[in-house]
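All remarks here apply to the structure that follows.
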Amino acid sequence: MIRREFLSLMPAAALAQRGRKKQAKDAPPPPPPPGERVRQAFFDIVRGYLDAARRTSPSMTAVEFPGATVTKSFLDRSGLSVTGVTRMMPALAAWAASGRQPDLGARDALVEALRNGTDPDSPGYWLPSPADRQNQRQVEASIVAWSLWTARDLVLPALDARQRRNVAAWLSSCCQVPVRNNNWAWFTAVVQAACRRLGEKHPEFRFDEKWMLDDLKALDAMAAGGSGWYNDGFKGAAFDYYNSWVFASHFLYWNEMAGAFYPHFRDRFAQRLKNYLEIAPYFFASHGGHVLYGRSLIYRWAAVTPLVLAWRQGLWPHPPGMLRRIVERNILWQWDIGAFDAASGKLRETYTRTGTRDICESYIDGGHPYWGMQAFAFWLIPEGDPYWTAPEAPLPVEKSDYAIAIPEAGLLVRGARISGQVTIYNAKSTKNDPHYRDKYNKLAYNSHFPFAVNHEPGRPTADNAVLLRDPATGECAGRGPVEESSVEAERVELVYEIRLKGVTARVRTEIRWRGDFELRSHFVTASGEGLEKLEIIEGGAPYVDRPVDLNAAAMQPFFPEIHLKVWNLRGWKGARTEEQDGSVWYGRHKVQVAWAPLAAKMSLVSLRYTSPKAVPKDKVEEEAQRFAALYRGA
């Protein structure tokens, strides 16, 4: 028999109602189709933005939303925050250029912001980017330039020669300091590409070809082979969703404007992008959400931006109906769990109303979530295009189980059809900074059970992590840099050290899976004075008994059908439920924790069942027995 240390959880909320049919007179009207709901969500965001911008700045050069964070990274001459303005521009430009109705005032908002924000005599002047250091304006300039290109036939005729010179001068100021050790190189490459093309009709825009080519060479060197993934920097490993919302999206911006003139770079980047897009749909769960992992997650649906852009350029390798299903489901799922604060007319800085703000990094302000508005580039797709008319096609996780290894990035993405959940395992990227630690250093990240995070030193969150902990003080430590790793379709293995209070534990972790089951093995060698005073713990998925203050319908099918269970197969002393803070969905939450006193040599094996839509309990037990038998026979 399997020795079961702990736990089974099955909330009963609403179970009494299951199977009861409502009378026809009580049935609510059917919801609008997804496409119409997305359109209405877009209108709500635009109207909330325009109202806040008018209240903030009569010249429409800045926006500060009610209760929003304001950082000093990009302020206009009056000391007001500009980030939200620049980040709304791509969506406004796409809507205006598409000719769709109602007008929404998109073109006028673009013209006013550009005219006044780049005017040195305006109180709302955005100020030039410094000539001696990198600056947030360089980031924002890329999407200003792209927006200008997108709506060029509407915006540029509304600007006189002096105003065009002002816009060009401000963009040029953002190309004074090269930043070529991370994704920032794409920002100035896009600015240069836009200036090249805009300069064909408007000589005010000057183009520095050498600058752009140097950017492209640096970006090319960040590629992780031909996988389509890029290491965001040359030190250590950093593979995350910046692969979507900068490396992929900004290549596609550059490609539309300048790719035809530079076929060498176009073809190299395009081939890698195709390889990336082949597996992109596998990151999306049945509810449409992507697995939350890494930094800047408050950019939300920016994850779908390159998918839409790739379709427009003929680079999307899957059916158009699948693409539309991903895009609409992704936007609506996040909308329904609370992306938009209707009372304040803004995108939240938290993922839900109750989620922790520690999902944000120190650079995030109230305008930063609007980076996701680039996804609304789909308004540029003409009506009647197969994107809009093709029948919906199912997502990969709706069709079958899968496990796809991406060894170049140290990632494995796995889907379970029975529950619709997707899990990412990260066996390479590691961050020690408390602002990033919990977003990279866990064993697994799950689409239906998003992680918990805090920024407090010595307090990494326990969910889906292996930690050393001092029971007397609560101080913890998680993994350091990954020293060795292997990512295969059948398993993930990684070797790392955990250090706490003079004690070092070297850990080799191996994870295997089968459906919603996960087998975790840890082989530990520890040394250092006082190791007997510490414990080693392994956390499971974060959860709450029922969703509090959230849209339960959006969280189906996993409420109220959640089912979590852990078995001790070897080495663990016991298991318990712990309450913690920091869930990106719920804030306060629970975690099932296996624990044991730390020893010099340990072999620890657990079997976990984590399902948002569990099969009957007897079936879970039967499958657990079978999986454990395979482990024992290995």
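Residue numbers start at 1 and run along the sequence shown. No experiment lies behind these values; they were computed from the predicted model shown.
Across W95 and S98, no two heavy atoms sit closer than the pair O-OG, 2.7 Å. Heavy-atom minimum distance, L50 versus A109: CD2-CB, 3.8 Å. Closest heavy-atom contact between A113 and W126: O-CZ2, 3.6 Å. For P450 against P542, the heavy-atom pair with the smallest separation is O-CG, 2.9 Å. Shown here for I537 and V593, the closest heavy-atom pair between the two residues is CB-CG1, 3.7 Å. For the residue pair I424 and V291, the shortest heavy atom distance occurs at CD1-CB, 3.7 Å.
Of the possible donor and acceptor atoms, one in the side chain of T356 sits under 3.5 Å from a partner among the backbone N and O of D358. Looking at K431, its side chain never comes within 3.5 Å of a backbone N or O of K439 through a donor-acceptor pair. With hydrogens and angles ignored, the 3.5 Å screen pairs a side-chain donor or acceptor of T354 with a backbone N or O of W585. In this structure a side-chain-to-backbone donor-acceptor pair under 3.5 Å is present from S147 to I143. Side-chain N or O atoms of R414 include one that pairs as donor or acceptor with a backbone N or O of G515 at under 3.5 Å. Listed for the Q374 side chain is a donor-acceptor partner under 3.5 Å among the backbone atoms of W371. Without hydrogens or angle criteria, E64 side chain to S81 main chain gives a donor-acceptor distance under 3.5 Å. Between the side chain of R324 and the main chain of A390, a donor-acceptor pair closer than 3.5 Å is present.
The aromatic rings of H318 and W316 sit perpendicular, their planes meeting at an angle over 60°, well past the 30° parallel limit. The aromatic rings of F378 and W388 lie perpendicular to each other, with more than 60° between the two planes, well past the 30° mark. Between F340 and W335, the two ring planes are parallel [angle under 30°; tilted spans 30° to 60°]. Using the six-membered ring where Trp is involved, F517 and Y609 have ring planes that are tilted, between 30° and 60° apart. Relative ring orientation between F283 and W229 is described as tilted, the plane-to-plane angle lying within the 30° to 60° band. The aromatic rings of F247 and Y230 lie parallel to each other, their planes meeting at an angle below 30°, with 60° marking the opposite boundary.
Taking the six-membered ring for Trp and the full ring otherwise, the centers of F65 and Y370 sit less than 6.0 Å from each other. Proximity of the aromatic rings of H368 and W245 is defined here by a centroid distance below 6.0 angstrom, and this criterion is not met.
A salt bridge links R329 to E398: one of the charged nitrogens lies within less than 4.0 Å of a carboxylate oxygen.
Between L443 and Y425, the closest side-chain pair of non-hydrogen atoms is not below 4.5 Å. A heavy-atom distance below 4.5 Å is found between the side chains of F376 and V38. Side-chain contact between P460 and N441 is absent, with no heavy-atom pair separated by less than 4.5 Å. Within the 4.5 Å cutoff, no side-chain heavy atoms of I364 are placed close to those of I359. Side-chain contact between Y293 and S429 is present, with heavy atoms from C-beta onward closer than 4.5 Å. In this structure, the side chains of T61 and E112 stay at 4.5 Å or more apart for every pair of heavy atoms. Annotation: side chain of M60 is not in contact with side chain of V85 (no heavy-atom distance under 4.5 Å). Taking the side chain as every heavy atom from C-beta outward, P281 and I326 approach each other to under 4.5 Å.
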Check your understanding: Hey, mind stepping through R137 and V82 against side chain to side chain contact (heavy atoms under 4.5 Å, CB included) and telling me if it holds?
Key -> CA-CA 9 Å; R137 288 167 176 79; V82 180; over 6 Å; no
Exercise for review: Would you please test D240 and Y440 for side chain to side chain donor-acceptor pair (under 3.5 Å) and show each step?
Suggested key: CA-CA 9 Å; D240 52 32; Y440 290 87; 2.5 Å; yes
Exercise for review: Go through I45 and L347 one step at a time and tell me if the side chain to side chain contact (heavy atoms under 4.5 Å, CB included) criterion holds.
Suggested key: CA-CA 7 Å; I45 296 170; L347 293 176; 4.1 Å; yes
Exercise for review: List the steps, then state whether side chain to side chain donor-acceptor pair (under 3.5 Å) holds for N330 with Q334.
Suggested key: CA-CA 6 Å; N330 189 262; Q334 296 182 81; 2.8 Å; yes
**Study point:** Intermediate values then yes/no, side chain to side chain contact (heavy atoms under 4.5 Å, CB included), R479 and V466
**Key:** CA-CA 7 Å; R479 84 181 195 202; V466 176; over 6 Å; no
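A side-chain contact (heavy atoms from CB on, under 4.5 Å) with D516 holds for exactly one of T423, L564, V620, I418; it is I418. Tested against L292 for a side-chain contact (heavy atoms from CB on, under 4.5 Å), the candidates Y241, Y445, F449, F451 yield a single pass: F451. Checking E456, H589, K442 one by one against T461, the side-chain contact (heavy atoms from CB on, under 4.5 Å) holds for a single residue, K442.
Of the inter-residue distances, the one linking R325 atom CZ with S286 atom OG reads 9.0 Å to the nearest 0.5 angstrom. For the atom pair OG1 of T83 and CD of Q136, the computed distance is 6.0 Å after rounding to the nearest 0.5 Å. The distance from the CG atom of D336 to the OG1 atom of T352 is 13.0 Å, given to the nearest 0.5 Å. Atom NZ of K590 is separated from atom CD of Q580 by 13.0 Å, given to the nearest 0.5 angstrom. With values rounded to the nearest 0.5 angstrom, N243 atom CG is found 10.0 Å from N183 atom CG.
Within 6.0 Å of atom OH in Y402, more than 12 heavy atoms from other residues, nucleotides or ligands are found, so the atom counts as buried in its surroundings.
In the model, S419 has no side-chain atom that pairs as donor or acceptor with a side-chain atom of H448 under 3.5 Å. Side-chain atoms of R437 and N454 include a donor-acceptor pair closer than 3.5 Å. For S244 and Y276, the side-chain atoms include at least one donor-acceptor pair closer than 3.5 Å. Side-chain atoms of T69 and E349 form a donor-acceptor pair, as typed in the model, at a separation below 3.5 Å. T86 and E140 share a donor-acceptor pair across their side chains, judged by distance under 3.5 Å alone. Using a 3.5 Å distance cut-off with no hydrogens or angles, the side chains of N464 and R520 do pair a donor with an acceptor.
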Residues 295-312, side-chain donor-acceptor partners within the protein, below 3.5 Å, at least two apart:
unit_1	atom_1	unit_2	atom_2	d
R295	NH1	Y242	OH	3.2
R295	NH1	Y363	OH	2.9
R295	NH2	D232	OD2	3.4
S296	OG	Y242	OH	2.5
S296	OG	Y363	OH	2.5
Y299	OH	R87	NH1	3.3
R300	NH1	R348	O	3.1
R300	NH2	T350	O	2.5
W301	NE1	G372	O	3.3
T305	OG1	A302	O	3.2
T305	OG1	A375	N	3.2
W311	NE1	D385	OD1	2.9
R312	NH1	E256	OE1	3.0

